[in-house]
There are 2 protein chains.
Amino acid sequence: MRMTPQRKLIIDILKSTKSHPDALWIYQNAIKKMPRMGLGTVYRTLEQLEREGEIKRIDFKGIAHYDANVNVHPHLLCSKCGKIVDISDSYDFDLRNFDLKGFKIESINLDIIGICPECQSKKGEN
Amino acid sequence: MRMTPQRKLIIDILKSTKSHPDALWIYQNAIKKMPRMGLGTVYRTLEQLEREGEIKRIDFKGIAHYDANVNVHPHLLCSKCGKIVDISDSYDFDLRNFDLKGFKIESINLDIIGICPECQSKKGEN
DNA sequence: GTACATGCAAAATTTTTGCAAAACA
DNA sequence: TGTTTTGCAAAAATTTTGCATGTAC
């Protein structure tokens, strides 16, 4: 995989945010600097980066979000607004306690799902 | 929410399998017993059951899977074929170690992602 | 009768793909 | 030149929604 300007921009955008963005958000930010970039390029690049272990994918509410921090670390996810927040930068989850049934492990997602403070105060809107 | 025949059937199907099926699989099995059931009903019912805490949703590879076991328990997920396998029926994940940032916790997903033994032996196909 | 749930089809959303043109080695 | 990547548009896949009809209390 070549390091193209498109790929570099996508990595930069992901590394510069802690918001765990989805492909559309990355695309919308990317075209501010490269107006002709296509959404397909964003999807293809994110998929490649994930396969290479450069970034981590978080599936939530039917949308793929991406994280430049590939350490194992737990996330808080809001089931109302879909927001994803880091709890810490790393967490030691000891796989030796488990029977991994022959799986070759690639990554671990620790997702703690709940309602964020903002959505708790907006109760009337539901 | 009323306990309709459709809802009962969907719960029965989900409780009778350990395969963590998606909406389409549940629908295809449901119409064997209720041929006129609509896919929309399956989606609506699964969403309601999840909101009520009766079942658990697992987002993986862009598809929503469902689990009748609502205990916190880790899953093995195959990044090639999408298969989801239980490691154990329950696991004590102690939230007291974390700063939950005001989130009201609803559920926890422990997802261990890797390549299953079957897909490891099918290397040529990629 | 009223309120809620369903079936069906259409629409919306997210993601993938085909292909010609462009960029790079 | 040959290979890889991009942009663009179309298509695919999954999920949601509107609405008329049906069902239950």
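Values below: all heavy atoms of this structure, side chains included; hydrogens, waters and symmetry mates excluded. Proteins get letters first, then strands, A, B, ... in listed order; numbering begins at 1 in each.
Nucleotide C/dA23 holds its P atom 10 Å from the CE atom of A/M34, rounded to whole Å. Atom-to-atom, CD of B/E47 to P of C/dA5 comes out at 12 Å; the value is rounded to the nearest Å. Taking atom CZ on A/R57 and atom P on C/dT14, their separation rounds to 13 Å, with Å as the unit. Following rounding to the nearest Å, A/R7 (CZ) and D/dT5 (P) show an atom-to-atom distance of 8 Å. Atom pair B/I31:CD1 and C/dT6:C1' shows a separation of 15 Å (rounding to whole Å applied). Atom-to-atom, NZ of B/K61 to C1' of C/dT14 comes out at 15 Å; the value is rounded to the nearest Å. Rounded to whole Å, atom P of D/dT14 lies 10 Å from atom CD of B/Q28. The separation between A/E50 atom CD and C/dT16 atom P is 10 Å, rounded to whole Å.
Distance from the side chain of A/A64 is smallest to C/dT15 among C/dT15, C/dG7, D/dT15.
Where B/G38 and A/L24 each meet DNA chain C at their nearest nucleotide, the meeting point lying more 5' is that of B/G38. In terms of position on DNA chain D, the residue among B/P5 and B/A23 whose nearest nucleotide sits closer to the 5' end is B/A23. Each of B/H65 and B/R2 was matched to the nucleotide of DNA chain D holding its nearest heavy atom; the match closer to the 5' end belongs to B/H65.
A donor-acceptor contact under 3.5 Å is formed by the side chain of B/R44 with the base of D/dG18.
Phosphate contact (OP1/OP2 of C/dA23, side-chain N/O of A/Q6, threshold under 4.0 Å): absent. Checking the phosphate oxygens (OP1, OP2) of C/dT15, a side-chain nitrogen or oxygen of A/Y43 falls inside 4.0 Å. In this model, the phosphate group of D/dT5 is not approached by any side-chain N or O of A/T4 to a distance below 4.0 Å at OP1 or OP2. Applying the 4.0 Å criterion to OP1 and OP2 of C/dA5, one finds that B/Q48 has every side-chain N and O outside that range.
Using cut-offs of 30° and 60° on the angle between ring planes, the pair A/F93 and A/Y91 is tilted.
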Ring pair (Phe, Tyr, Trp, His ring centres under 6.0 Å) between A/F98 and A/F103: does it pass, once the steps are laid out? CA-CA 11 Å; A/F98 301 104; A/F103 274 60; over 10 Å; no
Derivation of the side-chain hydrogen bond (donor to acceptor under 3.5 Å, both in side chains) call for B/D89 and B/H73: CA-CA 6 Å; B/D89 283 348; B/H73 64 290; over 6 Å; no
Can you check side-chain contact (heavy atoms from CB on, under 4.5 Å) on A/D92 and A/V72, steps first, answer last? CA-CA 7 Å; A/D92 181 34; A/V72 176; over 6 Å; no
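Residue B/R36 is classed as a sugar-phosphate contact, given heavy-atom separations below 4.0 Å to backbone atoms only.
The nearest pair of heavy atoms linking B/I115 to B/S79 is CG1-OG, 3.9 Å.
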